Participant: 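There's a structure below that I have some questions on.
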Amino acid sequence: QVQLVETGGGLVQAGGSLRLSCAASGRIFNSYTMGWFRQAPGKEREFVAAIRWTVGSTAYADSVKGRFTISRDNAKNTLYLQMNSLKHEDTAVYYCAARPSLVIVTTKNEYNYWGQGTQVTVSS
């Protein structure tokens with residue numbers, strides 16, 4: 001089993017920055033892919049970014065490319081999402097997710113483990 005706990009959400013003005021963290025515990029293997037998703041009110045949960053845990057290769061949604069950076073600290077079993085130049089439309093609950101595969105996918109149903117989410121609110 002894998003347990004994921006997100007922290008770092010909050011209220012920020014447009015143009016500001018936030019860094020989300022996801023502490024992972026349990027069985028994190030080198031063959032895992034970790035991702036961030038978000039869900040705004042009344043909308044579907046959507047892919048934000050993903051990273052292969054060991055190799056470090058990444059993928060991003062077009063809407064966040066160039067503004068968000070996903071990274072991980074293998075020693076701390078922690079995933080990060082650095083969010084810069086935040087926009088009002090980035091307001092959502094952000095979720096950390098994990099899947100036991102090295103293939104990066106953007107479909108939420110392909111991820112097996114989820115955190116409880118952390119709220120990010122960007123004021124315009």
Side-chain angles (χ1 to χ4, degrees):
Q1 279 288 0
V2 174
Q3 294 81 42
L4 305 171
V5 179
E6 303 97 333
T7 56
L11 174 64
V12 64
Q13 289 187 335
S17 299
L18 277 177
R19 188 177 81 156
L20 305 183
S21 299
C22 173
S25 60
R27 303 181 68 186
I28 297 292
F29 296 106
N30 292 337
S31 59
Y32 270 62
T33 291
M34 304 290 290
W36 288 99
F37 286 75
R38 66 186 182 185
Q39 187 167 16
K43 294 188 176 181
E44 292 287 321
R45 191 170 300 187
E46 64 175 6
F47 172 78
V48 175
I51 187 168
R52 292 187 177 95
W53 191 255
T54 301
V55 178
S57 50
T58 59
Y60 295 91
D62 288 342
S63 59
V64 306
K65 204 170 292 184
R67 300 188 297 123
F68 290 10
T69 302
I70 189 172
S71 63
R72 83 276 186 247
D73 185 327
N74 294 43
K76 295 181 179 179
N77 267 5
T78 301
L79 179 72
Y80 301 101
L81 185 68
Q82 178 66 44
M83 304 185 294
N84 299 328
S85 302
L86 282 161
K87 305 175 181 179
H88 178 66
E89 51 264 42
D90 294 318
T91 295
V93 177
Y94 283 71
Y95 296 90
C96 173
R99 66 189 301 264
S101 169
L102 284 177
V103 177
I104 291 181
V105 296
T106 62
T107 307
K108 60 182 184 295
N109 293 341
E110 298 290 335
Y111 286 78
N112 302 73
Y113 305 101
W114 293 85
Q116 82 290 349
T118 185
Q119 176 70 47
V120 172
T121 303
V122 184
S123 61
S124 54

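What you are looking at is a predicted structure, and each value in this text was computed from that prediction instead of being measured.
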Participant: As an exercise, state the distance from OG1 of Thr58 to CZ of Phe68, rounded to the nearest 0.5 Å.
Facilitator: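 Taking OG1 in Thr58 and CZ in Phe68, the distance rounds to 14.0 Å.
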Participant: State, to 0.1 Å, how close Ile51 and Ser71 come at their nearest heavy-atom pair, and which atoms those are.
Facilitator: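 For Ile51 versus Ser71, the nearest heavy atoms are CD1-CA, 4.0 Å.
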Participant: Please report the closest heavy-atom contact between Gly35 and Leu79, naming both atoms and the distance.
Facilitator: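 Minimum heavy-atom separation between Gly35 and Leu79: O-CD2, 3.9 Å.
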Participant: Mark yes or no for whether Ser21, through its side chain, and Thr7, through its backbone, hold a donor-acceptor pair below 3.5 Å.
Facilitator: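 No, Ser21 side chain to Thr7 backbone: no donor-acceptor pair under 3.5 Å.
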Participant: For the CG atom of Asn109 and the CZ atom of Arg45, what is their distance to the nearest 0.5 Å?
Facilitator: 10.0 Å
Participant: At their closest point, which heavy atom of Gly9 faces which heavy atom of Thr118, and how far apart are they?
Facilitator: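 Closest heavy-atom pair between Gly9 and Thr118: N-OG1, 3.2 Å.
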Participant: Is it the case that the side chain of Tyr113 and the backbone of Pro100 share a donor-acceptor pair, with hydrogens and angles ignored and the cut-off at 3.5 Å?
Facilitator: no
Participant: Assess the residue pair Glu46 and Arg38 against the criterion (side chain to side chain contact (heavy atoms under 4.5 Å, CB included)); give the C-alpha distance rounded to whole Å, side-chain angles, the decisive distance to 0.1 Å, and a yes or no.
Facilitator: CA-CA 5 Å; Glu46 64 175 6; Arg38 66 186 182 185; 2.6 Å; yes
Participant: Between Ser101 and Val103, is there a donor-acceptor pair closer than 3.5 Å when you use the side chain of the first and the backbone of the second?
Facilitator: yes
Participant: What distance separates Asn112 CG from Gln1 CD, expressed to the nearest 0.5 Å?
Facilitator: 9.5 Å
Participant: Do you know which two heavy atoms are closest between Ala23 and Thr78, and how far apart they sit?
Facilitator: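 Nearest heavy atoms, Ala23 then Thr78: CA-OG1, 4.3 Å.
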Participant: Parallel, tilted or perpendicular: which fits the ring planes of Phe47 and Phe37, with parallel below 30° and perpendicular above 60°?
Facilitator: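 Because their plane-to-plane angle is over 60°, the rings of Phe47 and Phe37 count as perpendicular.
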Participant: If I take atom CG from residue Leu18 and atom CE from residue Met83, how far apart are they, to the nearest 0.5 angstrom?
Facilitator: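 If we round to the nearest 0.5 Å, Leu18:CG and Met83:CE are 4.5 Å apart.
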Participant: Could you give me the CA-CA distance, side-chain angles and deciding distance for Met34 and Leu4, then say whether side chain to side chain contact (heavy atoms under 4.5 Å, CB included) is met?
Facilitator: CA-CA 10 Å; Met34 304 290 290; Leu4 305 171; 3.8 Å; yes
Participant: Do Val64 and Val12 sit in one hydrophobic cluster, given that two such residues count as connected whenever their side-chain heavy atoms are within less than 4.5 Å of each other, even indirectly?
Facilitator: yes
Participant: Check Asp73 against Trp53 and note the closest heavy-atom contact, atom names and distance.
Facilitator: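 Looks like O-CZ2, 4.2 Å.
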Participant: Does Tyr60 reach the main-chain N or O of Ile70 with its side chain, forming a donor-acceptor pair under 3.5 Å?
Facilitator: yes
Participant: Rounded to the nearest 0.5 Å, what separates atom OG1 in Thr121 from atom NE2 in His88?
Facilitator: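 It comes to 9.0 Å.
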Participant: Testing the basics here: between Ser85 and Ser17, what is the closest heavy-atom pair and its distance to 0.1 Å?
Facilitator: N-OG, 4.4 Å
Participant: A quick test of your reading: do over 12 heavy atoms of other residues, nucleotides or ligands sit less than 6.0 Å from NZ of Lys65?
Facilitator: yes
Participant: Starting from the C-alpha separation in whole Å, work towards a yes-or-no answer on side chain to side chain contact (heavy atoms under 4.5 Å, CB included) for Thr91 and Gln119.
Facilitator: CA-CA 8 Å; Thr91 295; Gln119 176 70 47; 4.1 Å; yes
Participant: So, does Trp36 use its side chain to make a donor-acceptor pair with the main chain of Tyr80 at under 3.5 Å?
Facilitator: yes
Participant: Identify whether Tyr111 and Val2 are in the same connected component of the hydrophobic contact network (ILVMFWY, side-chain heavy atoms under 4.5 Å).
Facilitator: no
Participant: Looking at Asp90 and Lys87, does any basic side-chain N land under 4.0 Å from a carboxylate oxygen?
Facilitator: no
Participant: Report the C-alpha separation of Tyr95 and Val48 in whole Å, then their side-chain angles, then the decisive distance to 0.1 Å, and conclude whether the side chain to side chain contact (heavy atoms under 4.5 Å, CB included) test is met.
Facilitator: CA-CA 9 Å; Tyr95 296 90; Val48 175; over 6 Å; no
Participant: Rounded to the nearest 0.5 Å, how far does CG of Leu102 lie from OG of Ser31?
Facilitator: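 One finds 5.5 Å between OG of Ser31 and CG of Leu102.
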Participant: Using modelled atom types and a 3.5 Å cut-off, is there a donor and acceptor pairing between side-chain atoms of Gln116 and backbone atoms of Glu6?
Facilitator: yes
Participant: Tell me yes or no: between the side chains of Arg52 and Ser57, is some donor less than 3.5 Å from an acceptor?
Facilitator: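 Yes, side-chain donor-acceptor contact under 3.5 Å.
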